[in-house]
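Here the structure is laid out as structure tokens; the discussion comes afterwards.
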Amino acid sequence: MAAALLGLARAPVRPLPWAGLAARLASSMALPEQSQQLFESAVGAVLPGPMLHRVLAVDPSGKQLKVRDRSFHLCNNLYLVGFGKAVLGMAAAAEELLGQHLVQGVISVPRGIRAAVERAGKHEMLLKPHSRIQVFEGAENNLPDRDALRASLAIRQLAEALTADHLLLVLISGGGSALLPAPIPPVTLEEKQMLTKLLAARGATIQELNTIRKALSQLKGGGLAQAAYPAQVVSLILSDVVGDPVEVIASGPTVASSHSVQDCLHILTRYGLRAALPRSVKTVLARADSDPRGPHTCGHVLNVVIGSNLLALAEAQRQAEALGFRAVVLSAAVQGNVRTVARFYALLAREAAAHLTSAGAAGAEDTELHQLAAQLQLPDLRLEGALEAVAGARGPICLLAGGEPTVQLQGSGRGGRNQELALRVGAELGRQPLGPVDVLFFSGGTDGQDGPTDAAGAWVTAELASQAAAEGLDPAAFMAQNDSHTFFCRLQGGAHLQYSGLTGTNVMDTHFLLLRPR
Ligand SMILES: Nc1ncnc2c1ncn2[C@@H]1O[C@H](COP(=O)(O)OP(=O)(O)OP(=O)(O)O)[C@@H](O)[C@H]1O
Ligand SMILES: O=C(O)[C@H](O)CO
């Protein structure tokens with residue numbers, strides 16, 4: 001769906017007409033440098049400014065706001081609210097574009113974000129000095145708190161005061177659920193926070209977590225849209241969820257919820273929380289099905305996904321082609337255990353290397369690769385397309401993917417999904433020689449922060465095991481402790497780490513596999 005929405009469906013890969021020149025270009029730069037360029041172009045494509053400019057425009061008369069192919073009348077009637085990790089930059093871009101039409105705005109963004117953006121010199125992501133947009137910072141560590149609650153109440157108040165003449169622009173990005181808490185009484189903020197924490201710790205998916213959050217919230221699951229009715233509502237959504245489901249991202253505050261109380265009870269039972277529910281939660285759930293207003297309706301809302309992992313990958317693919325790689329996007333929905341995902345990428349690298357060096361792929365490994373692909377159940381995986389492209393290639397190959405694998409923490413080390421994935425792929429690649437081909441795997445979080453570290457991710461080559469051994473580092477010991485960040489800090493003085501600082505955007509992670517025959 002996202003591909004169609006964004007007009008990004010790709011034609012099958014054909015040989016490049018300028019293949020000779022491009023291949024020379026690819027071979028003149030080091031693979032780590034090239035992977036860094038791909039990451040920068042991926043992130044650059046989903047920065048708030050470019051994204052908003054792609055979908056929003058004011059017509060020359062200044063009387064119409066164009067959102068894709070829809071037009072909305074402007075006459076001192078524009079209001080703005082927003083919540084999410086990327087919303088400060090989105091609001092700054094909206095203010096730049098629509099400032100003179102804006103009457104008032106309120107946004108809820110993570111604690112410390114303005115100072116971080118300022119320190120990074122990203123002034124284009126800051127609001128103007130006398131902005132009409134009020135900023136609340138809160139939800140430290142992605143958990144709803146009193147400050148986020150105050151922000152939610154200000155957002156609700158703004159929405160409820162609107163009339164049919166008004167237009168409300170809603171800016172939404174990942175992290176929005178924690179930044180827009182408004183529990184339905186008698187549920188308290190603390191009770192909701194506790195339930196969310198318990199569900200997350202027991203492994204609930206973001207879909208399950210947000211189903212519960214919606215049932216207990218005044219503003220999620222279409223509640224914000226309802227509060228703004230009869231004003232027209234345009235929501236611009238930056239997706240941080242695989243498949244870009246608008247009802248899940250930030251718990252869908254402008255999307256009518258299709259979940260029933262039964263769905264909630266199933267989830268609470270699945271995670272062993274049904275028996276110990278606070279009385280207030282039971283009361284709200286019991287009331288929900290008998291709510292005389294019925295579910296929220298959202299006919300007055302236009303929800304638009306303005307950025308996603310696929311958009312970032314498409315830009316990185318373009319950049320890879322410009323660098324002379326034959327480039328294929330494998331999937332923008334990589335999920336699953338990081339160990340399985342790492343094995344999958346290592347087998348894919350091995351098979352691609354075998355084709356490039358005419359060694360021929362081993363049957364058992366091809367079978368395992370397909371088994372892992374089936375096990376991971378990636379809905380949009382283009383494995384055959386990638387293998388075909390690899391089989392027909394003589395020069396450098398770039399396979400791109402994105403998503404959010406899961407790390408089940410066992411140790412007490414420092415790391416993140418991306419660094420752990422890279423370390424695991426590197427360890428797998430070193431198991432057998434790959435022939436005369438250079439192979440690099442890169443994994444980086446588009447928000448610029450991988451887990452609780454200040455690196456965005458890391459890159460590895462097939463030489464990782466020997467490089468580590470030369471410095472007395474044992475990758476297996478670091479993996480057992482989930483200590484990938486410490487490993488990469490020590491390996492060649494941190495040269496394999498990707499640092500970009502907080503990027504001000506967030507469309508999950510990017511994975512690049514680069515292969516170049518020697
Ligand atoms: N030592 C570690 N090694 C590997 N992964 C870790 C480690 N510590 C935390 N993580 C992982 O980091 C993730 C949390 O990091 P982060 O704050 O970047 O979350 P996020 O999912 O990227 O947030 P968002 O999607 O809202 O941007 C969790 O998935 C957690 O399992
Ligand atoms: O805020 C949230 O609910 C998550 O980041 C998913 O969008």
Side-chain angles (χ1 to χ4, degrees), residues 46 82-87 108-110 113 139-144 148 152 171-181 196 199-201 203-214 217 219-221 235 237-253 255 305 307-309 335-339 341-342 402-424 443-458 478-489 502-510:
V46 288
F83 29 87
K85 293 186 184 180
V87 159
S108 175
V109 292
I113 184 99
E140 188 122 38
N141 297 324
N142 218 2
L143 287 170
S152 307
L171 306 177
I172 301 178
S173 78
S177 290
L179 285 158
L180 192 71
T196 315
L199 279 165
T205 63
I206 189 67
Q207 286 77 5
E208 292 170 329
L209 207 60
N210 286 359
T211 300
I212 302 294
R213 281 167 158 166
K214 285 193 258 189
S217 163
L219 296 176
K220 298 180 166 87
S235 282
I237 304 166
L238 177 57
S239 171
D240 72 331
V241 180
V242 158
D244 310 332
V246 290
E247 73 283 8
V248 179
I249 303 163
S251 305
V255 186
V305 175
S308 67
N309 190 267
Q335 280 177 309
N337 189 299
V338 71
R339 290 166 188 253
V341 175
E404 219 171 66
T406 315
V407 177
Q408 264 155 11
L409 291 180
Q410 284 159 344
S412 53
R414 290 196 73 212
R417 286 190 300 268
N418 291 281
Q419 291 161 80
E420 174 131 353
L421 177 62
L423 178 54
R424 286 184 180 278
S443 185
T446 54
D447 59 358
Q449 186 179 27
D450 188 29
T453 76
D454 54 357
F478 287 90
M479 283 188 281
Q481 284 303 317
N482 299 113
D483 206 12
S484 51
H485 186 63
T486 310
F487 174 85
F488 282 115
C489 284
L502 283 181
T503 59
T505 189
N506 178 15
V507 292
M508 305 185 287
D509 305 334
T510 52

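Just so you know, ligand 1 is whichever comes first in the structure, and atom 1 is the first atom listed for that ligand. Keep in mind that this is a model prediction, so the values were computed, not measured. Numbering of residues begins at 1 and proceeds along the displayed sequence.
Proximity of G416 to ligand 1 is established by a heavy-atom distance of less than 4.0 Å. Between R213 and ligand 2 there is a heavy-atom distance shorter than 4.0 Å. Within the 4.0 Å heavy-atom cutoff, P452 counts among the residues contacting ligand 1. Not a single heavy atom of H485 lies less than 4.0 angstrom from ligand 1. Every heavy atom of Q419 sits 4.0 Å or more from the atoms of ligand 1.
Considering backbone and side-chain atoms alike, G175 places every N or O at 3.5 Å or more from each N or O of ligand 1. Checked against a 3.5 angstrom limit, the closest N/O atoms of V241 and ligand 2 fall outside it. Of the N or O atoms in G176, one or more lie within a sub-3.5 Å distance of an N or O in ligand 2. Where the criterion is an N or O separation shorter than 3.5 Å, residue side chain and backbone included, D450 fails it with respect to ligand 1. Between S173 and ligand 2, not a single N/O pair is under 3.5 Å apart. Residue A250 has at least one N or O atom closer than 3.5 Å to an N or O atom of ligand 2.
Taking every heavy atom of R414 and a limit of under 4.0 angstrom, the matching atoms of ligand 1 come to 1 (N). Ligand-side atoms of ligand 1 in range of Q449: 18 (O), range being under 4.0 angstrom from any heavy atom. Heavy-atom contacts of V407 reach the following atoms of ligand 1: 4 (C), 5 (N), 31 (O) (cutoff under 4.0 Å). For ligand 2 and G175, the ligand atoms under 4.0 Å from any heavy atom of the residue are 1 (O), 2 (C), 4 (C), 5 (O). Within ligand 1, the atoms closer than 4.0 Å to a non-hydrogen atom of E420 are 3 (N), 4 (C), numbered from 1 in the order shown. Distances below 4.0 Å separate heavy atoms of G413 from the following atoms of ligand 1: 1 (N). Using a 4.0 Å cut-off to heavy atoms of N142, the atoms of ligand 1 that qualify are 26 (O). The ligand atoms of ligand 2 that sit less than 4.0 angstrom from a heavy atom of I249 are 7 (O). Interface atoms of ligand 1 facing E404, defined by a heavy-atom separation under 4.0 Å, are 21 (O), 25 (O).
Contacts between N506 and ligand 1 below 4.0 angstrom, taking non-hydrogen atoms only, involve the side chain exclusively.
Using a 3.5 Å distance cut-off with no hydrogens or angles, the side chains of N482 and Q410 do not pair a donor with an acceptor.
In terms of modelled atom types and a separation under 3.5 Å, the side chain of S108 and the main chain of L179 share a donor-acceptor contact. With S251 contributing its side chain and S177 its backbone, the two residues share no donor-acceptor pair below 3.5 Å. Formation of a donor-acceptor pair under 3.5 Å by the T510 side chain with backbone atoms of G402 is not found in this model. The backbone N or O of N210 lies less than 3.5 Å from no partner atom in the side chain of K220, so there is not a single donor-acceptor pair. A donor-acceptor pair is defined here as one N or O able to donate and one able to accept, closer than 3.5 Å; no such pair exists between the side chain of N309 and the backbone of M508.
Of all protein heavy atoms, the one lying nearest to atom 26 (O) of ligand 1 is K85 NZ, 2.7 Å. Distance from atom 3 (O) of ligand 2 to its nearest protein heavy atom, with residue and atom name: S177 OG, 2.5 Å. Of the protein's non-hydrogen atoms, D240 OD1, 2.6 Å is the one closest to atom 7 (O) of ligand 2. Remark: minimum distance from atom 7 (C) of ligand 1 to any protein heavy atom is reached at G415 O, 3.2 Å. The shortest contact between atom 19 (O) of ligand 1 and any protein heavy atom is with R417 NH1, 4.1 Å.
For atom 30 (C) of ligand 1, no protein heavy-atom neighbour is found at a distance under 4.0 Å.
Of the options G451, A178, G174, the smallest heavy-atom separation from atom 18 (O) of ligand 1 is shown by G451.
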Run D483 and R414 through side chain to side chain contact (heavy atoms under 4.5 Å, CB included) and show every step you take.
CA-CA 5 Å; D483 206 12; R414 290 196 73 212; 4.1 Å; yes
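The side chain to side chain contact (heavy atoms under 4.5 Å, CB included) test with V248 singles out one residue from D240, I206, L209, T211, and that residue is I206.
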